[in-house]
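We name chains A, B, ... by the order of the sequence lines, and we start the count at 1 in each one.
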Amino acid sequence: MKIPSVKGFHDVLPGESARWSRLEATAREVFLRYNFAEVRLPIVERAELFRRSVGETTDIVEKEMYAFEDRDGTEVTLRPEGTASAVRSYVEHTMQAAEPVTKLFYFGPMFRRERPQRGRLRQFSQIGVEVFGRDDPGIDAEVLLLMSDLLRAFEIESGEIGVNTLGCSECRPGFRSALVAWGESKRDAICGDCQRRLEQNPLRLLDCKQPGCEALRETAPKMLDHTCLACGEHFARVRQLCEFQGVELALRPYMVRGLDYYCRTAFEVTAQGLGSQNAIGGGGRYDGLVRSLGGPAVGGIGFALGVERLALVLEAQGVEPPSTTPEFFVAPLGSAAEEHAFALAHRLRSAGTGVEVDAGGKSLKSQMRRAGKTGAPYVIILGEDEVAQQTITVRDMEARADRRNVVGLDTNLEDLRAALQAARSTEEQA
RNA sequence: GUGAGUGUAGCUCAAUCGGUUAGAGCGCUGGACUGUGGCUCCAGAGGUUGUGGGUUCGAUCCCCAUCACUCACCCCA
C-alpha cells in the first residue's frame with residue numbers, strides 16, 4: 001500500500017536539489033561579503049510569537065498557521081515566517097549587548113496552510129536576512145543592494161524590485177483614516193472583497209486586482225503624500241542611495257505588505273515565469289517590532305526570498321541545475337576484478353576525487369554505456385588481463401583512446417592524473 | 001477558503017459513437033559488436049487507465065464521491 005505525501009508538502013528530488021544547493025551556497029557567499037552571520041532557528045515556536053508580531057487579523061495568523069497544543073499544554077506552531085523567530089532569538093540572547101548592530105541570515109522551511117498552487121506550497125523554503133540596531137536610510141539601501149546583488153548572483157534575469165513607504169506610527173494613522181474616508185466614499189463602486197477590507201485591513205484596498213478597483217485607485221490617497229517629514233526624508237534618501245549604486249527601484253505607491261509589523265521602507269521582488277504567484281521575495285523595515293517583543297528599542301529591517309520560486313524562475317529561464325560528474329568510472333569485469341576495483345576506487349576517493357564503481361557481472365559494453373551517461377571523463381577498465389598484469393586500462397572518453405599499462409593497479413590519484421595528462425600531450429604532438 | 005479544469009507506462013501524449021488484446025515517442029534493459037560509450041537498427045521489460053462506487057451486455061470514455069495536481073480568486077515567498 002502506497003502512502004502518499006501530504007498535500008502541499010513536496011519532495012525536492014536529486015535533479016532539483018542541486019539547484020537548491022547552488023542557491024544556498026551562492027547566498028551564503030554573498031551574505032558573508034556583507035558581513036552577515038548565519039543563525040539556525042527552530043521550526044516550532046510559540047503561537048503567540050506570530051500573533052503578536054505578524055498580527056492577529058492577518059490571514060497568516062488567522063487561518064494559515066499549523067498551530068497545536070503541545071502535550072504540556074503549550075500553544076505552539078510551525079513557523080509561518082522567519083522574521084519573528086529571528087527577533088525572538090535576538091531578544092532572547094540579548095544580542096544588542098554584544099554589538100550595536102546585528103546582521104543575521106537564515107535558510108529554512110516555513111509553513112502556511114494555503115490552497116496549494118504552482119509556486120505556493122504549504123511547506124516552502126526561505127532565504128532570509130535581518131538587521132537589528134540601525135534605523136538610518138543607509139542600512140535600508142545596503143539591504144536593498146544586498147538583495148539586488150543576490151538576484152544577480154543567482155542569475156535571475158527578470159527580477160524587479162518595487163518599493164514603497166508605509167509610514168510610521170506618527171503618520172500612518174492619518175493616512176489610514178484618509179484611506180478609509182476615500183473607501184467609504186467609493187463603497188458602492190468597489191468590489192466585495194474591498195468592502196470587507198475596508199473594515200479589516202484598509203491598506204489592502206490599494207493592491208486589489210479587480211479591474212474596477214484598479215481603475216478607481218488613481219483617485220485613492222497615497223502614503224507617499226501623507227508621510228511625516230522624517231518618513232518622507234528617510235524614503236527619499238533610501239531611493240537616492242540606491243540610485244547612486246545603480247540599483248533600480250520601481251516606485252509602487254500602492255504596494256502594501258501582508259504582515260502588520262512593517263513600517264517605512266517596504267519592498268518586494270517580482271519575476272517572470274511564475275503566473276500569478278510572481279513574488280519571489282519581499283521585505284521591509286519593522287522599527288517597533290523588537291521592542292514589542294520585549295527587546296530594546298532598536299530598529300530592524302529584513303527580507304526573505306522564496307527558494308521554490310527562485311528555482312521556478314531559473315527553470316523558466318532555461319537555466320539547468322548544476323550537475324556533478326565523477327572524474328572516474330570504474331568498470332570491473334568479473335568478481336576477481338571487483339575487489340581490486342573497490343580498493344582502487346577507495347584510494348582515489350580518499351585522495352579527494354569522485355569515483356563511480358559499476359557492478360562486475362555486467363558486460364563491458366553495458367558498463368561503458370552507463371559510464372558515458374555519467375559523463376565521467378575517464379573509465380577505468382579492470383578485467384582479467386589487467387589483474388594478471390597488475391595494471392589498469394583507462395579509457396579517455398573525450399580522446400576516445402585507451403591508455404594501457406601507463407600505471408600500476410596500485411596507482412595513486414596524482415600519478416594516475418599525471419600519466420593521463422602525459423598520454424594526451426604526446427598524442428597531441430604526434 | 002471560493003470558482004473552474006486535468007488525472008492513461010518513469011516522462012510527454014494517443015486510443016473512432018461506450019466495443020472486447022489500451023498504443024506511440026522519449027527514457028530504461030539487452031542485442032547487433034564473445035573486452036569498449038555517444039549514432040543507427042532490432043528486441044524486451046514496464047499499465048488494477050489516480051482511488052472508490054454507480055449506470056451498462058460491455059466503461060479510459062457517461063454519472064457520483066474522493067484524492068492529487070493545474071489555473072484564477074484570495075494570500076504571499
Side-chain angles (χ1 to χ4, degrees), chain A residues 1-10 13 15 23 54 58-64 80-83 107-128 147 159 191-194 196-197 201 204 207-211 213 255-259 262 267-271 274-283 302-313 329 331-334 337 358 362-386 393-404:
Chain A
M1 177 97 178
K2 276 194 222 169
I3 301 174
S5 63
V6 176
K7 180 181 191 152
F9 290 73
H10 287 191
L13 299 173
L23 284 170
V54 174
T58 57
D59 280 14
I60 292 176
V61 168
E62 239 176 15
K63 42 198 181 193
E64 295 175 1
E81 60 111 33
T83 299
F107 302 111
M110 306 295 164
F111 304 83
R112 294 181 200 168
R113 202 182 181 291
E114 297 187 89
R115 176 99 164 239
Q117 238 175 274
R118 182 182 174 77
R120 186 217 260 176
L121 296 172
R122 292 181 172 181
Q123 175 178 331
F124 61 99
S125 282
Q126 291 192 331
I127 296 176
M147 195 167 73
C191 70
D193 278 328
C194 279
R196 181 178 52 79
R197 291 185 180 110
N201 193 353
R204 284 267 155 206
D207 68 348
C208 183
K209 285 184 220 160
Q210 294 295 319
C213 299
M255 187 190 80
V256 294
R257 309 245 62 222
L259 292 76
Y262 286 116
F267 49 92
E268 65 185 26
V269 197
T270 52
L274 289 174
S276 63
Q277 306 300 318
N278 65 345
I280 56 174
F303 66 79
L305 297 167
V307 181
E308 288 81 359
R309 292 187 184 177
L310 290 170
L312 284 172
V313 172
F329 185 101
L333 299 167
D358 210 351
K362 297 201 284 182
S363 72
L364 179 58
K365 182 175 189 61
S366 86
Q367 296 199 53
M368 286 300 294
R369 244 202 298 264
R370 210 165 92 74
K373 226 174 308 169
T374 65
Y378 301 104
V379 179
I380 295 172
I381 298 166
L382 254 179
E384 283 171 26
D385 301 352
E386 284 81 3
T393 295
V394 182
R395 174 79 176 171
D396 184 326
M397 297 297 268
E398 199 190 322
R400 318 198 62 185
D402 282 356
R403 315 295 186 206
R404 293 177 198 274

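- For the P atoms, the distance linking B/A22 with B/G50 amounts to 15 Å, nearest Å.
- Pairs engaging residues 371-382 of chain A under the side chain to side chain donor-acceptor pair (under 3.5 Å) rule: none recorded [sequence neighbours left out].
- Judged as a side chain to side chain contact (heavy atoms under 4.5 Å, CB included), and not counting sequence neighbours, the contacts of A/Y262 are A/L166, A/R257, A/L259.
- A/L333 meets the side chain to side chain contact (heavy atoms under 4.5 Å, CB included) test with A/L364, A/Q367, A/I381; sequence neighbours excluded.
- The CD-P distance, from A/E308 to B/C76, rounds to 17 Å in whole Å.
- When the shell of 6.0 Å around CD of A/E384 is examined, it contains 12 or fewer heavy atoms from other residues, nucleotides or ligands.
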Give the intermediate values and the outcome of side-chain contact (heavy atoms from CB on, under 4.5 Å) for residues A/Q123 and A/E308.
CA-CA 10 Å; A/Q123 175 178 331; A/E308 288 81 359; 6.0 Å; no

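- Every residue two or more places apart in sequence or in another chain that forms a salt bridge (charged side-chain N to carboxylate O under 4.0 Å, His left out) with A/D358 is listed here: A/K362, A/R370.
- Within 4.0 Å of A/S366, counting heavy atoms only, lie sugar-phosphate atoms of the nucleic acid but no base atom.
- The CZ atom of A/F329 sits 13 Å away from the P atom of B/G38 (whole-angstrom rounding).
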Along nucleotides 65-72 of chain B, 5' to 3', which nucleotides get a B, which get an S, and which get a -, given that the test is a protein heavy-atom distance under 4.0 Å?
---SSSSB

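- Between the C1' atoms of B/U55 and B/C62, the separation comes to 8 Å (whole Å).
- If you measure from atom NZ of A/K362 to atom C1' of B/U29, you get 9 Å, rounded to the nearest angstrom.
- Spacing of C1' atoms, B/U49 relative to B/A59, comes out at 10 Å, to the nearest Å.
- The minimum heavy-atom distance linking A/V379 with A/A371 is given by the pair CG2-CB, 3.5 Å.
- A distance of about 27 Å separates the P atoms of B/U20 and B/C26, rounded to the whole Å.
- Atom name C1', nucleotides B/G46 and B/G3: the rounded distance is 39 Å, in whole Å.
- Considering only residues two or more places apart in sequence or on other chains, A/D193 meets the salt bridge (charged side-chain N to carboxylate O under 4.0 Å, His left out) condition with A/R196.
- To the nearest angstrom, C1' of B/A77 lies 16 Å from CZ of A/R122.
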Produce the list of close N/O pairs, under 3.5 Å, pairing protein atoms with atoms of nucleotides 34-37 of chain B; give distances to one decimal.
unit_1, atom_1, unit_2, atom_2, d
B/G35, O6, A/D385, N, 3.2
B/G35, O6, A/D385, OD1, 3.3
B/G35, O6, A/D385, OD2, 2.9
B/G35, O6, A/E386, OE1, 3.4
B/G35, N1, A/E386, OE1, 2.9
B/G35, N1, A/E386, OE2, 3.1
B/G35, N2, A/E386, OE2, 2.7
B/U36, O2, A/R395, NE, 3.4
B/U36, N3, A/D402, OD1, 3.3
B/U36, N3, A/D402, OD2, 2.7
B/U36, O4, A/D402, OD2, 2.5
B/U36, O4, A/R404, NH2, 2.9
B/G37, OP1, A/K365, NZ, 2.8
B/G37, O4', A/M368, O, 3.4
B/G37, N7, A/R395, NH2, 3.4
B/G37, O6, A/R395, NH2, 3.1
B/G37, O6, A/M397, O, 3.0
B/G37, O6, A/R400, NE, 3.3
B/G37, N1, A/M397, O, 2.6

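- With rounding to whole Å, A/R196 atom CZ is found 11 Å from B/C73 atom C1'.
- When every heavy atom of A/G302 is checked against every heavy atom of A/F267, the shortest pair comes out as O-CZ, 3.8 Å.
- When rounded to the nearest whole Å, the span between CZ of A/R112 and P of B/G1 equals 17 Å.
- Between the CD atom of A/E114 and the P atom of B/C74 there is a distance of 13 Å, given to the nearest Å.
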Return all side-chain donor-acceptor pairs below 3.5 angstrom for residues 108-121 of chain A, not counting sequence neighbours, or 'none' if the list is empty.
unit_1, atom_1, unit_2, atom_2, d
A/R112, NE, A/P80, O, 2.8
A/R112, NH2, A/P80, O, 3.0
A/R120, NH1, A/R115, O, 2.6

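- One P atom belongs to B/A15, the other to B/G27, and the distance between them is 24 Å to the nearest Å.
- Looking at A/V54 and A/E81, their side chains come closer than 4.5 Å, going by heavy atoms from C-beta outward.
- Rounded to an integer number of Å, the gap from A/I60 CD1 to B/G1 P is 17 Å.
- Annotation: side-chain hydrogen bond (donor to acceptor under 3.5 Å, both in side chains) contacts of A/Q126 (sequence neighbours excluded): none.
- Nearest heavy-atom pair across A/C213 and A/C191 is SG-N, 3.4 Å.
- Scanning all heavy atoms of the two residues, the minimum distance from A/D396 to A/R403 falls at OD2-NH2, 3.4 Å.
- On the C1' atoms, B/C75 is 24 Å away from B/U6, given to the nearest whole Å.
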Identify each atom pair where a protein N or O and an N or O of nucleotides 46-52 of chain B are less than 3.5 Å apart, giving names and distance.
none

RNA chain B base-pair string [pairs: Watson-Crick or G-U under 3.5 Å; |: paired with another strand]:
(((((((..((((.....[...)))).(((((.......))))).....(((((..]....))))))))))))....

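- On the P atoms, B/C69 is 46 Å away from B/A32, given to the nearest whole Å.
- In terms of the ring pair (Phe, Tyr, Trp, His ring centres under 6.0 Å) criterion, A/F124 has no residue partners (sequence neighbours excluded).
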